[in-house]
Amino acid sequence: LDVASFCRGLPLQVAELFAVPHVWLSIIEDSKAARFVRGKGETVLVSRDIFSQLLPNPDQPLILNADLAPYFRLLPPSRREHFCSLAMIPLHLDGELVGSLNQADPDPRRFNPNYNRTHLERLAVKLSLGLSNVIAHEQVQHFAYHDHLTTLPNRRAMERFLAAELARVERYACELA
């Protein structure tokens with residue numbers, strides 16, 4: 001599983017599993033996760049200031065069914081649906097708040113602030129671990145072929161490239177340039 005699959009698949013799976021019509025990821029644009037999720041799925045990048053205003057307690061899920069206008073900024077541009085209740089599940093990476101999984105419903109009774117948040121808190125932990133795992137996996141894959149300090153391709157990358165070029169030369173009976 002890679003970050004792109006995670007960003008595309010997670011909202012779809014949550015929407016299907018919990019029968020929530022609108023599910024998407026919001027990531028803080030200067031967070032550790034941002035460079036990995038940029039341009040993947042319908043993930044929305046949000047400034048840290050805006051995110052802090054919208055999620056005042058980064059350690060607990062937020063459930064709302066009133067005064068939702070400010071939260072429409074979290075919606076992906078391609079999805080400007082109307083919703084009347086919202087659950088924001090905070091995502092953490094190495095102890096840092098990096099974003100949220102957002103669930104929205106047109107029914108104002110779906111996410112009620114008086115509901116018990118325990119299941120959302122547990123989901124937050126699992127989703128944060130999943131995000132951490134896919135990002136760590138991509139980092140390991142990247143550093144297998146790139147120098148950790150310079151990020152330049154390493155010897156293994158050169159060997160891989162040369163093997164591909166030699167195969168091309170042999171396949172097309174041309175010269176190596």
Side-chain angles (χ1 to χ4, degrees), residues 1-139 142:
L1 184 66
D2 59 10
V3 174
S5 299
F6 183 85
C7 291
R8 279 192 306 273
L10 176 68
L12 296 173
Q13 289 178 352
V14 169
E16 184 179 320
L17 184 63
F18 298 110
V20 179
H22 311 296
V23 181
W24 71 98
L25 289 167
S26 296
I27 300 295
I28 298 171
E29 61 190 3
D30 65 349
S31 69
K32 294 176 186 175
R35 75 179 182 98
F36 293 98
V37 302
R38 192 176 313 279
K40 296 180 176 148
E42 286 191 302
T43 304
V44 178
L45 295 177
V46 181
S47 78
R48 188 170 296 278
D49 291 339
I50 290 173
F51 205 87
S52 297
Q53 292 169 11
L54 298 176
L55 188 65
N57 185 349
D59 296 324
Q60 290 186 345
L62 177 69
I63 301 175
L64 297 168
N65 63 0
D67 302 321
L68 295 171
Y71 295 87
F72 283 89
R73 293 186 276 186
L74 295 175
L75 280 168
S78 63
R79 300 174 61 188
R80 292 295 178 194
E81 298 95 355
H82 181 72
F83 55 87
C84 296
S85 63
L86 171 74
M88 278 181 77
I89 301 170
L91 300 173
H92 293 85
L93 185 61
D94 300 329
E96 173 197 358
L97 178 69
V98 295
S100 64
L101 176 76
N102 309 296
Q103 301 178 64
D105 198 297
D107 182 356
R109 297 167 297 177
R110 176 64 185 260
F111 298 111
N112 185 319
N114 297 323
Y115 288 165
N116 186 336
R117 290 175 167 81
T118 303
H119 70 286
L120 293 176
E121 290 169 354
R122 290 179 182 163
L123 184 59
V125 170
K126 291 179 182 183
L127 295 177
S128 293
L129 285 172
L131 180 62
S132 177
N133 286 342
V134 297
I135 287 177
H137 185 258
E138 279 202 10
Q139 286 178 321
H142 175 78

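Please read these numbers as outputs of a predicted model, since none were measured by experiment.
You'll find the side chain of Asp59 reaches within 4.5 Å of the side chain of His92, heavy atoms only. Side-chain atoms of Pro61 and Glu121, non-hydrogen and from C-beta on, do get closer than 4.5 Å to each other. Residues Phe51 and Ser100 meet the side-chain proximity criterion, which asks for heavy atoms closer than 4.5 Å. The side-chain heavy atoms of Leu123 and His119, taken from C-beta on, include no pair separated by under 4.5 Å.
Pairs engaging residues 22-31 under the salt bridge (Lys or Arg N to Asp or Glu O under 4.0 Å) rule: Asp30-Arg48 [sequence neighbours left out].
Taken from CE in Met88 to CZ in Phe111, the straight-line distance is 12.5 Å, to the nearest 0.5 Å. With rounding to the nearest 0.5 angstrom, the OG atom of Ser26 is 11.5 Å from the CZ atom of Arg73. Expressed to the nearest 0.5 Å, how far CD1 of Ile89 lies from CG of Leu120 amounts to 4.5 Å. Rounding to the nearest 0.5 Å places CG of Leu54 at 9.5 Å from CG of Asn102. Rounded to the nearest 0.5 angstrom, Leu91 CG and Leu101 CG are separated by 6.5 Å. Expressed to the nearest 0.5 Å, how far CG of Leu97 lies from CD1 of Ile27 amounts to 9.0 Å.
Minimum interatomic distance between Pro90 and Ser128 (heavy atoms only, all atoms of both residues): O-OG, 4.0 Å. In this structure, Pro106 and Pro21 approach most closely via the heavy-atom pair CD-CG, 3.6 Å. Taking each heavy atom of Arg109 and Tyr115 in turn, the nearest pair found is O-OH, 3.0 Å. Nearest heavy-atom pair across Gln103 and Val23 is CG-CG2, 4.2 Å. Counting all heavy atoms, side chain and backbone alike, Leu62 lies closest to Leu55 at CB-CD1, 3.6 Å. Across all non-hydrogen atoms, the minimal contact from Leu131 to Ala33 is CD2-CB, 4.4 Å.
In this structure, Asp2 has no salt bridge (Lys or Arg N to Asp or Glu O under 4.0 Å) partners at least two apart in sequence or on a different chain. For Arg8, the side-chain contact (heavy atoms from CB on, under 4.5 Å) partners are Ala4, Ser5, not counting sequence neighbours.
In this pair, Phe72 and Phe83 present their aromatic rings parallel. The plane angle is below 30°, not in the 30 to 60° band.
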Side chain to side chain donor-acceptor pair (under 3.5 Å) between Asp49 and Ser47, intermediate numbers included:
CA-CA 5 Å; Asp49 291 339; Ser47 78; 5.3 Å; no
Checking Trp24 against Leu74 for the side chain to side chain contact (heavy atoms under 4.5 Å, CB included) test, could you report, in this order, the C-alpha distance in whole Å, the side-chain angles of both residues, the deciding distance, and whether it holds?
CA-CA 9 Å; Trp24 71 98; Leu74 295 175; 3.9 Å; yes
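Between the side chain of Glu138 and the main chain of Val3, a donor-acceptor pair closer than 3.5 Å is present. Under the 3.5 Å distance criterion, the side-chain polar atoms of His22 are left unmatched by any main-chain donor or acceptor of Leu75. Although no hydrogens or angles enter the test, the distance criterion places no donor-acceptor pair under 3.5 Å between the side chain of Arg38 and the main chain of Arg35. Side-chain atoms of Ser85 come within 3.5 Å of backbone N or O of Asp107 as a donor-acceptor pair.
For CG of Asn57, the number of neighbouring non-hydrogen atoms (other residues, nucleotides, ligands) closer than 6.0 Å is greater than 12.
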